[in-house]
Number of protein chains: 2
Amino acid sequence: MNQSKTKIEIVISEIEQQIKNRSLMPGARLPSVRKLANDLGFSVSTVVEAYERLIALGKIESRTGSGFYIVGPLAPLALSELGPKLDRSVDPLWISRQSLEAKADVFKPGCGWLPDDWMPLDSIRKALRSAARSPDDCLMSYSTPLGLPALRDLLARRAQAKGINANLNQVLLTDSGTQAIDLVCRFLLRPDDVVLIDDPCYFNFHALLKVHQVKVLGIPYTPTGPDLEAFKEAIETYNPRLYITNSGIHNPTGAILSLSTAHQLLKLIEQSNLIVVEDDIFSDFEYSPAPRLAALDNLSRVIFIGSFSKTLSASIRCGYIIAKPEWIDQLTDLKIATSFSHNGVSAQVLLSALTDGSYRKHIELLKVRLTKAMHDTITKLEPLGIKPWIKPQAGIFVWCHLPEGVEASKIAKYCINHQVILAPGNAFSQAPNAGQFIRFNVTQSNHDHIYKTLADAIQQESS
Amino acid sequence: MNQSKTKIEIVISEIEQQIKNRSLMPGARLPSVRKLANDLGFSVSTVVEAYERLIALGKIESRTGSGFYIVGPLAPLALSELGPKLDRSVDPLWISRQSLEAKADVFKPGCGWLPDDWMPLDSIRKALRSAARSPDDCLMSYSTPLGLPALRDLLARRAQAKGINANLNQVLLTDSGTQAIDLVCRFLLRPDDVVLIDDPCYFNFHALLKVHQVKVLGIPYTPTGPDLEAFKEAIETYNPRLYITNSGIHNPTGAILSLSTAHQLLKLIEQSNLIVVEDDIFSDFEYSPAPRLAALDNLSRVIFIGSFSKTLSASIRCGYIIAKPEWIDQLTDLKIATSFSHNGVSAQVLLSALTDGSYRKHIELLKVRLTKAMHDTITKLEPLGIKPWIKPQAGIFVWCHLPEGVEASKIAKYCINHQVILAPGNAFSQAPNAGQFIRFNVTQSNHDHIYKTLADAIQQESS
């Protein structure tokens, strides 16, 4: 026994020595147990035990069916390398970065936000001046864990108006809508969990879920909500943990969830482990309010998310989560651990802008402009053979089918070289036909150069 | 073969049926393979195969040595349940939440920030008024992915002044220093990686690392930096991935890294897979600049983090990461995926406040006040038998030893009931003697009620 122990130690220290002097580099394969035992004249069990201890020490690893390898430094998490490598022009992050980096003279029908002059500039300037006169502690101290009570109260009341029964203690402020969803994902998801998303859906959901290393399953989105048959099958087959969707107006399709689909969806979910994140980001653009899953379900399995990046400012960031109290409590712990606090001054500025009396007028004006822009965009796309999947009743997006045989990714590449950033369908969906779609932001599509460039791109592509 | 396949399907559908009608609830143990085979009159291999497929479907799981169980919904991530359950009065998150939630009439020598009237209120008010006059796009549009170039340039130049060779393209703005560290952790860490921290260290590092589900190892911190022997042993034994530390002034001890320790530390790291995060949060309070690991190592394995929550405002949040260009690029992708953008208006406000000419004067004044407050606090603690571990040369913290036999957590509990929030040593360290220490924030310790309450608490505790 003692003798055998010494032999095990000999094997361990020999291998450690070779790692140290770099004759065994990270990733190198160790000799097989049998071979090493033979070479050293030791028993197989001695070498097995030595390898086991080296595994426990984290120095080597066993790969099933393949042998033992020196553990190297883990590669840093490169999002570009997670999941299938997409063509860079349709990579979700590429679109985001191009849009965010684009200079002022570039046209951005592919981006997800409104032009500056559609935004309530005077109201925000006034709110900043008002913030400059805030009490000392509002300007200097960390906010309370949940965030500015007056803003949370307002958000709870706005939710009530949508039928969502919540008070201010069920509202948690975050630094953005994206951060809110990320926090919920950190709370609920583990690697390899299955997450349902709409197909197509907002492209950053793909990027965000890659970070969480979950399995993502797209459920076809119909003009009245997710395809219920596909949803049912997904629940039964994959036991998914989360479903992320938009409420109000769907991105990118502009479709609106019907009450009947919402009801049936929640009935399906009732029997499962599924939790729903309802991202209410575009809801202020609605003409007639769509049903909220959070309202029907009374915040039992639904978590409600929102922000003001589309209607007040994308630069003064503030998002929020509305959920049941016990989840808010745990999400608050997570928020403190990962970002300590949020931007209290931004919360004040947005509260001022929301309550200075001009917000509703601003939104009403926006809706009128949106209706016109939607009509104009569709009208100008028509002669190019670019047809809307549906004519959206509201919102900033129209999801369009390209002429037969024309590929969105190729059109997008041509256009980027001509100062036009598009959002090709592949970024929103991995469905085979997604490459025939493009999402247009109607608020960013009011310029002849865009249509001229599209026409050239299509002609070049067809010829 | 066909026959056997049908039998497998019978087993699967029988179990699925029982899950559906809830006769098998999540967490329930399935009959053993042998028993079920016996009951059904099928072969063992049929049942084994059926169970295998149910595992692949995610419906059941195998627990080694214990059998097969129905998979339930995963419990949401409750930070309070990860890791050893600490007494709630010394739980890092509890201290954070108590401090953040505390009303104005509560004394907070345990918190980590400065009183409002120590902060540059006029400068921030002026900066907000100036932001109100910004160009439209600065107020309304998403910031560029890395963030406001002028602020990044200033941060690069400030880093240069500390010997860190970086340009503005190596600076990434985030929404806070904590978020910056969290982003680096997401980039580099995988569950069960080993992370080294200082013992004691800033308590939120513990909370943050719990979220990342890594193994945390504390390295004793000496008056000149981490204990090098312990560091060496940790590297050799555990192959750690990350070391998180403060540069400039150490939290909570007020110790300052010596040049010799810094040099030897980096030599140790050279041979390993270790990456260092250097959190520069308190550095503006330094009298004579301590060495920066990022400067010695030329940003090869060191990532430099900072924010302005201690010197400008804790409510207008902005942090930053300085690292080598290829890491900045990948961190930017991660930032977009998880928070899309940061607060561009805050970046502008802080840039204004940093460059209006008053910042250096503000800091000089702060340092004078800090020196006095440090002296006063130590002097007032002395009669209570509370002694500094070292007398810090700079900074806002003093790390103090309680009289023999007095437990910090009990003192903290007494004090919280008397309107005084303390930071007991157990929150900073899991070392056996940590419970005899308390961290005092000298800027929040200038009130007789604090010392009176401490005296009462110690007396009660000793009697």
Side-chain angles (χ1 to χ4, degrees), chain A residues 58-59 73-74 76-80 93 96-97 100-101 113 116-117 119 121 124-125 128-129 131-132 136-145 175-176 178-179 182 186-188 190 204 207-208 211 238-239 241 273 313-317 330 333-334 336-341 343-346, chain B residues 58-59 71 73-74 76-80 93 96-97 100-101 113 116 119 121 124-125 128-129 131-132 136-145 175-176 178-179 182 186-188 190 204 207-208 211 238-239 241 273 313-317 330 333-334 336-341 343-346:
Chain A
K59 304 213 168 171
L74 279 176
L77 178 63
L79 271 183
S80 51
L93 282 168
S96 298
R97 288 189 73 159
L100 292 169
E101 277 162 5
W113 51 91
D116 298 333
D117 58 6
M119 300 294 275
L121 277 158
I124 290 293
R125 292 186 196 284
L128 279 164
R129 288 193 300 271
D136 297 358
D137 62 329
C138 296
L139 289 181
M140 286 303 162
S141 291
Y142 289 105
S143 196
T144 53
D175 276 326
S176 66
T178 305
Q179 197 208 21
D182 183 45
R186 296 182 100 158
F187 176 52
L188 294 170
R190 296 295 165 276
N204 210 51
L208 176 62
V211 175
Y238 299 103
N239 189 26
R241 183 60 174 145
N273 298 322
S313 163
S315 185
I316 301 169
R317 290 174 75 61
Q330 299 192 355
D333 276 357
L334 259 181
I336 293 174
T338 58
S339 62
F340 201 71
S341 182
N343 200 303
V345 170
S346 290
Chain B
K59 303 209 169 175
V71 171
L74 279 176
L77 178 63
L79 270 183
S80 51
L93 282 169
S96 298
R97 287 188 76 158
L100 292 169
E101 276 162 6
W113 52 91
D116 298 333
M119 300 294 275
L121 276 158
I124 290 292
R125 291 187 197 283
L128 278 165
R129 288 193 301 270
D136 297 357
D137 61 329
C138 297
L139 289 181
M140 286 303 163
S141 291
Y142 288 106
S143 196
T144 53
D175 276 325
S176 67
T178 306
Q179 198 207 21
D182 183 44
R186 296 182 100 156
F187 176 52
L188 294 169
R190 296 295 164 277
N204 211 50
L208 176 62
V211 175
Y238 299 104
N239 189 26
R241 183 62 174 143
N273 298 322
S313 162
S315 185
I316 300 168
R317 291 174 74 61
Q330 299 192 356
D333 275 358
L334 260 181
I336 294 174
T338 58
S339 63
F340 201 71
S341 182
N343 200 305
V345 169
S346 290

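None of the values given here were measured: they were computed from a predicted structure. Lettering of chains follows the sequences in order, A, B, ..., and the numbering in each one begins at 1.
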When heavy-atom pairs shorter than 4.5 Å are enumerated against chain A, which of [options] gives the highest number?
| options | value |
| --- | --- |
| B/Gln179, B/Met119, B/Arg129 | B/Met119 |
| B/Asn343, B/Leu128, B/Ile316 | B/Asn343 |
| B/Ser176, B/Ser141, B/Ala131 | B/Ser141 |

Q. Looking at A/Ser315, A/Pro145, A/Ala132, which has the largest count of heavy-atom pairs under 4.5 Å with chain B?
A.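 When all of A/Ser315, A/Pro145, A/Ala132 are compared, A/Ser315 has the most.
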
Q.
For chain B, which candidate among A/Ser341, A/Ser143, A/Cys138, A/Gly344 shows the most heavy-atom pairs at distances under 4.5 Å?
A.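 Top option by heavy-atom pairs under 4.5 Å: A/Ser341.
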
Q. With A/Thr144, which residues qualify under side-chain hydrogen bond (donor to acceptor under 3.5 Å, both in side chains), at least two apart?
A.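 In terms of side-chain hydrogen bond (donor to acceptor under 3.5 Å, both in side chains), with neighbours along the sequence ignored, A/Thr144 is linked to no residue.
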
Q) Among all residues two or more places apart in sequence or in another chain, which pass the side-chain hydrogen bond (donor to acceptor under 3.5 Å, both in side chains) test with B/Asp137? A)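 Listed in chain order: nothing, the list is empty.
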
Q: Can you measure from CG (A/Asp175) to CG (A/Asp182) and round to the nearest 0.5 angstrom?
A: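 It is 12.0 Å, given to the nearest 0.5 Å.
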
**Q.** CG on B/Leu208 to CG on A/Leu334, rounded to 0.5 Å
**A.**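 So the CG of A/Leu334 and the CG of B/Leu208 are separated by 10.5 Å.
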
Q.
Quick check: do B/Val211 and A/Arg186 have side-chain heavy atoms less than 4.5 Å from each other?
A.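 They are in contact (side-chain heavy atoms under 4.5 Å apart), so the answer is yes.
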
